[in-house]
Every structure is written in C-alpha cells, then in structure tokens.
**Student:** 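Have a look at this one.
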2 protein chains.
Amino acid sequence: MAHTGIHSQPVRSCLLLVVVSVWVQQVDGVWPLPQQLDQSADRNSLSPQRFSFIYGRDSAAQTGCSVLDAAFKRYFSIIFPDFTKGSGLLMSENKSIRYTSVSSVTTVSPQPFVVSVSVKTRGCDGYPDEDSDESYNLSVSEGQAVLRSVTVWGALRGLESFSQLVYQDDYGSYFINKTEIVDFPRFAFRGLLLDTSRHYLPLHAILKTLDAMAYSKFNVFHWHIVDDPSFPYQSRTFPDLSNKGAFHPFTHVYTQSDVMRVIEHARMRGIRVVPEFDSPGHTLSWGKGQPNLLTPCYKGDVPSGSFGPVDPTVDTTYKFMESLLKEVKFVFPDSYVHLGGDEVSFACWQSNPNVRTFMEKMGFGKDFTKLESFYMERTSIVWQDVFDYRERIPQDTVLEIWKGETYQAELSRMTQAGHRVLLSAPWYINHISYGQDWRNSYAVQPQNFSGTEEQKKLVIGGEVAMWGEYVDATNLNPRLWPRACAAAERLWSDEEKTLDADLAFPRLEKFRCELLRRGIQAEPLFVGHCKHEYDGL
Amino acid sequence: MAHTGIHSQPVRSCLLLVVVSVWVQQVDGVWPLPQQLDQSADRNSLSPQRFSFIYGRDSAAQTGCSVLDAAFKRYFSIIFPDFTKGSGLLMSENKSIRYTSVSSVTTVSPQPFVVSVSVKTRGCDGYPDEDSDESYNLSVSEGQAVLRSVTVWGALRGLESFSQLVYQDDYGSYFINKTEIVDFPRFAFRGLLLDTSRHYLPLHAILKTLDAMAYSKFNVFHWHIVDDPSFPYQSRTFPDLSNKGAFHPFTHVYTQSDVMRVIEHARMRGIRVVPEFDSPGHTLSWGKGQPNLLTPCYKGDVPSGSFGPVDPTVDTTYKFMESLLKEVKFVFPDSYVHLGGDEVSFACWQSNPNVRTFMEKMGFGKDFTKLESFYMERTSIVWQDVFDYRERIPQDTVLEIWKGETYQAELSRMTQAGHRVLLSAPWYINHISYGQDWRNSYAVQPQNFSGTEEQKKLVIGGEVAMWGEYVDATNLNPRLWPRACAAAERLWSDEEKTLDADLAFPRLEKFRCELLRRGIQAEPLFVGHCKHEYDGL
C-alpha cells in the first residue's frame, strides 16, 4: 500500500491542483438562507494570525461588551479550529508556501483581515426579547468585512453567517468570497422545545443544544422543565418538589446554578429561555413534594388513591401557584412563562365531590372547561387547548398550536379572535420515520390559512418540539440535528426562496458537515461522507 | 436546599434502610433469557478485593488461554466499574461497616468469592465457527460459582450471564443471588450486519458494536464492507480499489491492521466475522479502481458512460474475482464469505452488445438469471435473490432472506429445496418508526412456516441488519441498542418463554440501564431514568 502510494503520488498531486483551482472559487452557502445574498468569485485569503474582530468606531458597543467579546472569541475558534487546537502555527507556515505554488506568485506574508462590527444600540447586558431586532448587514470586501446591526443580537446573527462563509481548500488554507448580505428573520419567534421531565437531560446536553440552536439561528429555548414523570427544577421556595418529585434528588435535578448557566449560555447566543410549568394537568410529579395540591380522584364515594390535575377549588392551590410563579418570574428573565394548560383530564375532577360542589357554587354547571378557565389566568403562552375550550383569556396571551390535523383552521380561528399564535403542530420532531422526513418542513406554510393580512401578522413564529417519551441524552442530538435545521430555515428565510426541499438538500448536506466539524452529533441526510466526520464517540 | 436536606436526613436514611432490605433480595434477570434459570433469595456479598476468576482443575484451558484470560480481566471491570476507576478501595472499606449496620451482625472482613471456570476442550487460539458449542452451566452457591462449558465460547456466554447476575445495593455493595443456570442458544447463527459503504464507520464504532453484541450474545458480525457508494477495504492485492473507490484513501479506509483488530476483538468475544463482498451488482465503487471490471451500459449503439454490474462475459473478471476472494479468504478466517448476489440490474447487461453475444453463445437465450447463475458459483451465503432466480446453487450454500412481505413462503420453499436459511427480513432495524418498535421482534417466529421438522432445522438463525443509507457514527449506537437486543433474545432463548413483549419490557428496561453503565449509548424504551445515565457526550 505504501509502495503503491509513492508510485501514484505525482499523478494524484496533479489531480489535486486541478481540483483546487475549481474548488477555491466555489461559493459556499449560509444556513438558514439570508434574505439577500450576493457573492462574487473574488476571494480573500484568511490567516488566523492576521485575522481580527474589532468594534467599529461608530459602534454603540465597544470592548467590554459581554455578549460580543465572548462571541468574537467563540467564532474565532469556530472559524479556525485547527489553529485553536494547536496545530495552527505549523499549518499556517506551510500554507503560505503552498498557496504560492498553486497561484504561482512570489511568496508573500498573509494579508490582514479585519471584521468590523458596529451596533446602533448597546444593550450588552440585557436579554433578547420578543421585540429584539435581529437584522444585520454584512459586507465582505478586500481585506475586511463590515457587519452592521441595530442590536447585539443582530450582530450575533451576522457573526454566525460570517463564520459560515469561511471555507478551507484542500491544503487547509482559509478563504472567504466577496459577499453582500442583507438579512432579517421572517418570524420573531423561532423556538425549540426540550422536555426534561420524561427523561432527565444533563446540563451539558442542554448547553450543547443551545450551541447548535445558535448555528441555525433559533432564538427561543422553550424549556418544558417539569411534567408528570419528574420535577427536576430545584425550587428555592419549595425544595421538596424536586427532593421528592425528581427521579433522584441529587443526580437528576437542575439547581439554581444550573438554571443560571443555561440562561446565561442562551443569552450569550441571543436565545431566550421560556420556561414551561405546565398545569393544571401534567402535574403528577408536583404532588409528591406538595401535599394537597392535586385533586384526589374518587371511585364512587371513596378516594381511589390516585390523583388528578391540580385542585382548583382550594385557596392553598392559588397561594402555592402564586409563590412558585413569583419565583419562576424572578429566576427566568424572559417576559414569557409557558403555563401549559393542555390535556387536562376532567374525569378525576368530576369524580371528586368537593370539585362538584365548587362547580355548583361557582355556577359552572357541568362545564369543566369553565373550571379550567377559572384556573388559567395569566399573560403567557398556553397550549391551544385553552382556546379550544372557549375560555375567555386575555388578548395578549400567545396560543401555541400542537394538534396536527387541523392547524390551518386553528390558525384562522385564533387569529380572528385577535390572538397571537405560535405554530408547533407540524414540527413535533420527536416523531421519527424512515428516510428524509426533514423535507416535510418545506411544505409547511404558517401563514397559508384563510384570514386577513392583519391575521397573518399575528403568527409570531413556530417551534420545533422534541418531546421526551423516547428521547434522552443517548439519542437527543442525532434526532434533533439536522432535522430541526429545516424548520429553522423556514422560520428565518424568505418563504418563496425556500419552498423547494430539493434545492435545500445540497446546502443542508454541507451545513450538516459543518455541524459535525463544530462537534454537533448531527445524523446524515443520506449516503455519503463529510471531510470531518463525527469523532465524539 | 442544603438546609432542608439536613433536616430531612434522618427520615430519609430510615427509608433507605427499609428499601435496602427489600432491594437486596430482588432477583435480577439475565438478557437474553437463559433456557433454564433458578434463583433463590439467598445472596452472597461480593468484594472486588476478594473476588477472583480461576480455571477449574479439570479444565482443558488454563492460565495462558488468550480468550479466557482476557475475558476474566474484562468482566472484572464490567462487574466492578467503581473499583477499576479507582474509588474501589474506599468504597470497599465503607462497605463492610455499612453492611454490618444493615444486617446487625458484628463487623467481619469480606468473604472471598471464586468463580471457577472449566472447559472440556481447549481451543483458546481458534475461531468460533458455525458448529461451535456455546452451551454452559452456571451454578452460584455460597462463596463460589462454578461455570462449565464444552468450549471457551460457551464459557464466554456463561461469564456474560454471570456478570449480569451481580447487582449493587444503594450503598454500592455488590451481591449475587444463589442461582442455577442451564443454557444454550436456540439458533447457532445470531448475526448483526453493519454497512460500512454507504457511510464509513470508524474502527472504534465497530469495536464498540462488537462489545455490545457480546452483551446480548450475538455471535456473528456480518460486515457489509463494500458496496456501490464506497470501497473502504484496503486490499493488499488491489490497493487501487480503496485508493480510488473509498470516500477518502486515508481517512475513510480499513487497513489490513484495522481488519485484524476487528477480527481479534470479535474472536475474544466469541463472535465470527463474516465479510460480504457483494457482486455482481452493488459494485459501482469497485469500478473506479479496477478498469474493465464493470459492464459498460449502452444507449442504442454507443456506450452511455455509465456502468452496470460486473461484466460476467470476460475472463479478466473471473481472474480478478478469484484473486480478490483468495485474499479475502486468507484475511478473514471464517468459513463463510457472503457474496451478495442481490438486486442485479439486468437492464445494463441487456443493453450491452457483448453481453448479448455471450448470452447467445452460452445458450442462455434471454434469461439473464442464467447469466447471474453462471457468475455466482461458490459455497457461501448469498441473498435470497440468487434462489429466487431459480439458479442451481450448491446445496451447502446458505440463503439469506431479506424481502419482508413473503418470508414465511420463502422459508418453506428454500428449506424444501434443502438449503440452510438465515432470516433477516423482519430485522431490518435501519427502518425506524415512532415508539416501541422493538416489540415487533417478539412476533417473529422463524420456524413458523409450512414444512417438515427437517425443514425447520434448516433455519440456522437470523440477522439484524443496520443498512447505512441514513446511519453513520452519529446515530448508529442509539438506533442499534436496545432495539437489537430484542432480536438477540428471540434468537437465543426458548421461543415459548419469550413470546410476550410485555413480560420482556421490564427486563429489557433493566438491561438497557446495564448497557448505559457499560458505556453503550442505548436509547430509552420509554419514560423513566437509569441510576447510571449515559455520560459519554
């Protein structure tokens, strides 16, 4: 083998030269597709030793801006992984020589390249929110790139796009083509839900997910943190909730410090953290640490020993919920708290004589939806069930649509009632099937329902949901990536330019290889290989 | 939180004591279910410091037996992971005290425990084959276990079962219950196919798969090493096959040394390695490094530029195949070589004027199955297609059934013709779906077809196939495990005792946690948790 290798060397080197001269002119894409992208075949050579991010003179943020300082450091490593892993110096030396031999010019030292970042408003210490402006303009020309945005969050999106524009040739040399990008998101809410109740996800799995979310420009982490099976959130006010309701009180919990780390890791990437404390259903695990919270179910005249939803008939419930939510609003800075409200089983309520008495007293008759309505009173996201039950809910409550079959009709109904809505139904990616099911995302048109232009504006975005029945740290990443990337593109990019999954395929294949290179365990789309395969086993 | 933790400590300690006294009597299962298993609630305490494997006096194998010496070392670490990770000494000291406090006897130093292993025939340096006796008897009593088998391969199966019998209580103390096992496999061939052509799998992914296979008592690794997309096998005789046919000639190949490592790693675990060099179809990648091997397809009177199956009309083809297979038979010690023979496209053959002339000369008329028959002449496993084409094939060729819909009928037909068969059709586990699809394995009855008792004996086993269209190192392990375990049980255990997936569920859940503890990235069956979660991220 070595013998043959030597013999065939001259031939293969020649082949490489030909390939290179084609390849270096190749224009790489950006995922998700920017609103406007113009690229030329002219390219800059980049050297990690003469590359820098700087703040523009007119930028409101300057050195000391926590979000952007950290982003500069992070993206330097993402763009030049060889350099930061220690082999960069050697490669860099070889590179200038090789570059010379290919392009047939005399040896030159590498040219400097400067990325100048300017933001209009500072806000380096704040949190992204639903009104954050994420637009940016990026102009890559000779020896420099200029990135301009209104906010630091927009600058993050631009840095991500910049990082994806850089590519390496077969000698390891880095290049970026001259490029003009004008970009902004189609939807303001581009969420991803993780469920940490059905299975516990270790902290590093959540942090890694936030990394990958930023690569696809997701901007909301919907943390379905507690549910029936377990209560891993370690509450300051009610520590017994996790002491008794978590799978294990020390190994399977999120401490306050863990939660802080998630929120800060997300903030650094321009990602909001919307916690969900789903009630009055989905609360079995709550009952273990909070006696008398749940409704005792009855069999005939006697308690059956099992428990139903939160008991909405007693004052202690509301006092408890008020305290818990006060803590949640304090711990999680986002203006949204998702209060669930889905899949409430009325059978247990109905079986309970105290609940029936309460219903009579309140004049609800037999209509248990009125009882749930009575319970659900808060400005927040709720699952669509709350609206389905025709409850009177505040106008500024966001409704999230999760029932698959009828989502167009729901969009129409809810927006007609003036509610903002969030579409999740077509993006339950815990549902797996054989083959390229990411293509389904390209058929989803969140604003394609019968309604006025005003109604369509009420669709604030969508959310990929990875429910946890069959998912934990062993299979989370390959199930999420790159399948979720398809939804991310549809939520960010121009719908007309991204209708065709066949056109998206080669771009997504390339982006998936880039995810591998960044250490994300993203599964393959189809037969083939990546230059840098996953080596995290 | 810490505050509350201290307050509740006394209460929780008491609770633990109660739990322990129940828990230590719990009888753990063995996966796959042994043919006979009798367990008592009497238990031995095991101390890693006073635990040993020894060879029985009457054993044909003694110290120096490569397979068993390595297995003793390996299983010690599997049984006592804390000890080998360095914290064992401390735990062991604490343990005897704690043990005392639970059982209320005076402090004693740990009792020795000896596992005595006796084999009838030596064979420590050989390879497992289709006739290997894998039966074993295991008797665990006070202070000792006696493991008896005919071969070292049977001893490996017994050691695996022994390792699964050991459990830890909540203090970390190790126990094993008194147990009698008489065990042997239902089928001699219990295979698992990996496809390293559609995606390259790094060596360590293959070795890890072999580890997990041994835990489920799989005994054949069917290595579908090359196919249309790539030729990663680095041949001594024809190095250009991988130089030009692999995804990359250095990063995406299996060197001779890699292949040796796979074979030896497998041998140490009693696993055969059956390589597949599929032809005359599925050979596109071969053509890159071996000119004139493939049939040029024609469009009308001129070559179209594309290539079809191997060209069976020219002598050079047979000389090449003879040389390659001679090498393969030399490199791979197993008596089986899988020669594929499936999905041959006759359209290209038909388009080629030379092939048509050859057909005429040979008197095959228009029947291209005769041409394939002419090509396929070798004692080996082939895919069922070869039989479907009514070819005359040697009686000792094993046929593998992969077409899903009609496998009972195929079993009947093929065994009636006197062929040994291998069932793979119901175990294409690259096909995924939402939910607990492992349950389907429990409905598969490989001998449930119309035929005589003699015919049923011709079913030599089955094979789980993980085809690589959508699978590489990023998602291989969670897709394989624990889904493949279900097939493993059905191929090893008594069919009557393992018909009920509901009964298997809690045992498989426990076994899946054990796989996690051993570092296998096995996905969850359903909502819940393991004491030792996967931490390999």
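Quantities reported herein were computed from a predicted structural model and do not represent experimental measurements. Just so it is clear: chains get the letters A, B, ... in the order the sequence lines come, proteins before strands, and each one is counted from 1.
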**Student:** Can you tell me how far the NE2 atom of A:H252 sits from the SG atom of B:C530, to the nearest 0.5 Å?
**Tutor:**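 Answer for the NE2-SG pair, A:H252 versus B:C530, is 7.5 Å.
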**Student:** Give a yes or no on this: more than 12 heavy atoms of other residues, nucleotides or ligands lie within 6.0 Å of atom CZ of A:R439.
**Tutor:**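 Atom CZ in A:R439 is crowded, with more than 12 foreign heavy atoms closer than 6.0 Å.
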**Student:** Using atom types as modelled and distance alone, determine if a side-chain donor or acceptor of B:E469 lies under 3.5 Å from a backbone N or O of A:V527.
**Tutor:**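 Side chain of B:E469 to backbone of A:V527: no pair is present.
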**Student:** Please identify, among B:T255, B:D228, B:V471, B:N430, the residue contributing the most non-hydrogen atom pairs under 4.5 Å to chain A.
**Tutor:**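 Most pairs with chain A among the choices: B:N430.
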**Student:** Let me confirm one number: the CD-CG distance from B:E523 to A:D472, rounded to the nearest 0.5 Å.
**Tutor:**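 Reported to 0.5 Å precision, the distance equals 8.5 Å.
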**Student:** Would you please indicate if the ring centroids of A:H199 and B:H529 are separated by under 6.0 Å?
**Tutor:**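 For A:H199 and B:H529, the ring centres are not under 6.0 Å apart.
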**Student:** Working to the nearest 0.5 Å, report the span between OH of B:Y470 and CG of A:L525.
**Tutor:**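 Here the interatomic distance stands at 9.5 Å.
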**Student:** What distance separates A:N475 CG from B:Y534 OH, expressed to the nearest 0.5 Å?
**Tutor:**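 Nearest 0.5 Å value for the CG-OH distance: 11.0 Å.
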**Student:** So, taking the atom named CG in A:N477 and the one named OG1 in B:T474, what distance separates them when rounded to the nearest 0.5 Å?
**Tutor:**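 Interatomic distance, A:N477 CG to B:T474 OG1, rounded to 0.5 Å: 10.0 Å.
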**Student:** Which one, B:G519, B:A522, B:G468, B:P229, leads in non-hydrogen pairs under 4.5 Å with chain A?
**Tutor:**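 Looking at each of B:G519, B:A522, B:G468, B:P229 in turn, B:A522 comes out on top.
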**Student:** Taking CZ in B:R518 as the centre, count heavy atoms belonging to other residues, nucleotides or ligands within less than 6.0 Å. Is the count above 12?
**Tutor:**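 Check passes, neighbour count above 12.
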**Student:** Mind checking the NE2-OG1 spacing from A:H532 to B:T251? Nearest 0.5 Å is all I need.
**Tutor:**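 Spacing of NE2 (A:H532) from OG1 (B:T251) equals 9.5 Å.
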**Student:** Between B:H248, B:Q436, B:Q256, who has the most heavy-atom pairs with chain A when the cutoff is under 4.5 Å?
**Tutor:**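 Heavy-atom pair counts peak at B:Q436.
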